[in-house]
Amino acid sequence: MAESGSYPVFQLGRPRYDQSSFLGRLRHFIDIIDPSTLFVSEKKLTGCIKLLDDYKRGMLPSGVSDHQLWEAQKVKQAIIHPDTGEKIFMPFRMSGYVPFGTPIVIGLLLPNQTVLSTIIWQWLNQSHNACVNYANRNATKPTPTSKFLQGYVGAVTSAVSIAVGLNVLIQKANKLSPATRMIIQRFVPFPAVACANICNVGLMRHNELSEGVDVLDNNGNVVGSSKIAARHAIMETAFTRVVLPMPIFVLPPIIMSYLERLRRLAWSQRLP
């Protein structure tokens with residue numbers, strides 16, 4: 001029982017960390033994207049689900065610690081969809097977003113891309129995002145597959161159009177030096193991805209605005225349906241999809257430009 005000293009008293013369906021502080025929300029988010037849950041065996045998953053079911057029925061075996069209960073809930077929430085009760089396909093889990101999305105991000109940031117490579121990488125990125133959105137959707141209300149296809153097509157179209165359009169405009173900007181054009185071109189993936197992410201979320205979840213989403217009480221019981229909650233959820237999700245890519249798509253171009261400037265400066269100083 002000593003190991004549970006740093007763990008709060010377990011509460012089913014509630015976050016382990018205090019959500020009123022930034023640190024608590026950060027630690028909760030890190031828990032959600034923890035890639036170690038990708039390697040959980042079927043046997044362990046079954047055991048975690050059974051442990052939580054026993055807790056819910058008040059039939060918990062003696063000697064079970066809060067640590068074990070929090071870990072069981074973390075595993076279940078990472079793998080099982082809360083509304084459908086089905087397993088989420090590994091690449092589309094939140095815990096798989098970073099490991100499976102990183103190769104695509106690297107492709108988006110490759111220098112000197114052609115129109116074809118730009119289209120391919122933007123398509124792959126939006127396909128991955130669309131699958132993650134669908135796999136982690138709010139399934140309390142039935143949604144036609146056509147709605148998700150509409151969102152997917154809209155996201156791909158907007159991403160490709162913005163990325164290709166900006167690249168063409170930059171190439172035609174004769175007043176800019178080649179070095180400046182290259183620097184600006186490195187930032188193109190961010191506005192394309194940000195706009196497409198907003199389009200993706202809006203189109204794929206806009207039915208929630210008209211139908212609302214289920215609202216639960218502290219015990220997990222449905223107490224009603226709310227359009228206001230749906231609007232807040234969609235707006236916050238869209239904002240998050242703009243902010244999250246910033247470090248990935250904005251910082252590397254800045255760092256690379258700075259390193260290249262240093263390299264050119266060092267090379268010029270070595271000249272006689």
Quiz item: E42 and K87: side chain to side chain contact (heavy atoms under 4.5 Å, CB included), yes or no, with the steps?
Solution: CA-CA 11 Å; E42 189 69 30; K87 289 179 65 175; 2.9 Å; yes

Minimum-distance pair of heavy atoms, taken over all atoms of [X] and [Y]:
X    : Y    : value
P252 : P247 : CD-O, 3.2 Å
S226 : A229 : OG-N, 3.0 Å
P99  : P35  : CG-CB, 4.4 Å
T237 : A233 : OG1-O, 2.7 Å
V64  : P61  : CG2-O, 3.3 Å
A159 : A196 : CB-CB, 3.4 Å

Exercise. With sequence neighbours left out, write down each residue that passes side-chain hydrogen bond (donor to acceptor under 3.5 Å, both in side chains) with K50, or none if nothing qualifies.
Key: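 side-chain hydrogen bond (donor to acceptor under 3.5 Å, both in side chains) check on K50 returns D54.
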
Quiz item: Would you call E236 and R231 a salt bridge, taking side-chain N to carboxylate O under 4.0 Å as the test?
Solution: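 No, no charged N to carboxylate O under 4.0 Å.
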
Inter-residue atom distance [X].[atom1] - [Y].[atom2], 0.5 Å rounding:
X    : Y    : atom1 : atom2 : answer
L45  : I79  : CG    : CD1   : 4.5 Å
I120 : L116 : CD1   : CG    : 4.0 Å
D31  : S95  : CG    : OG    : 11.0 Å
Q113 : L108 : CD    : CG    : 7.0 Å
R93  : I32  : CZ    : CD1   : 15.0 Å
S20  : R25  : OG    : CZ    : 7.5 Å

Should [X] and [Y] count as side-chain neighbours, where that means a heavy-atom distance under 4.5 Å?
X    : Y    : value
V193 : Q122 : yes
I162 : C195 : yes
R16  : H28  : no
L69  : L60  : yes
E86  : I80  : no
W121 : Q126 : no
P191 : L166 : yes
Q11  : Q73  : no

Hydrophobic cluster mates of [X], side-chain heavy atoms under 4.5 angstrom, ILVMFWY only, any path?
X    : value
L38  : F39, M90, F100
V243 : F239
Y17  : none
L26  : F22, I30

So does [Y] get a backbone contact from the side chain of [X], meaning a donor-acceptor N/O pair under 3.5 Å?
X    : Y    : result
N136 : V132 : yes
Q77  : G13  : no
T37  : D34  : yes

In this structure, would [X] and [Y] fall into the same cluster of hydrophobic residues linked by side-chain contacts under 4.5 Å?
X    : Y    : result
F249 : W123 : yes
L109 : L124 : yes
I248 : I254 : yes
I106 : V98  : no

Quiz item: F190 and F187: aromatic ring centres closer than 6.0 Å?
Solution: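 So the answer is no for these two rings.
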
What I want to check is whether the side chains of [X] and [Y] have a donor and an acceptor closer together than 3.5 Å.
X    : Y    : value
T114 : S117 : yes
N129 : Y97  : yes
S127 : Y152 : yes

Quiz item: Around atom CE of M235, are there more than 12 heavy atoms of other residues, nucleotides or ligands at under 6.0 Å?
Solution: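 Not more than 12 within 6.0 Å, no.
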
Quiz item: Would you find more than 12 non-hydrogen atoms of other residues, nucleotides or ligands less than 6.0 Å from I228 atom CD1?
Solution: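 Open: at most 12 neighbouring heavy atoms sit under 6.0 Å from CD1 of I228.
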
Practice problem: Apply ring pair (Phe, Tyr, Trp, His ring centres under 6.0 Å) to F10 and list each qualifying residue two or more places apart in sequence or on a separate chain. | Solution: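 F10: ring pair (Phe, Tyr, Trp, His ring centres under 6.0 Å) contacts with Y55, W70.
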
Quiz prompt | side chain to side chain contact (heavy atoms under 4.5 Å, CB included) between I198 and V242, worked out | solution = CA-CA 7 Å; I198 294 175; V242 172; 3.6 Å; yes

Practice problem: Applying side chain to side chain contact (heavy atoms under 4.5 Å, CB included), run through E71 and Y7 and close with a yes or a no. | Solution: CA-CA 10 Å; E71 287 299 314; Y7 285 78; 3.7 Å; yes

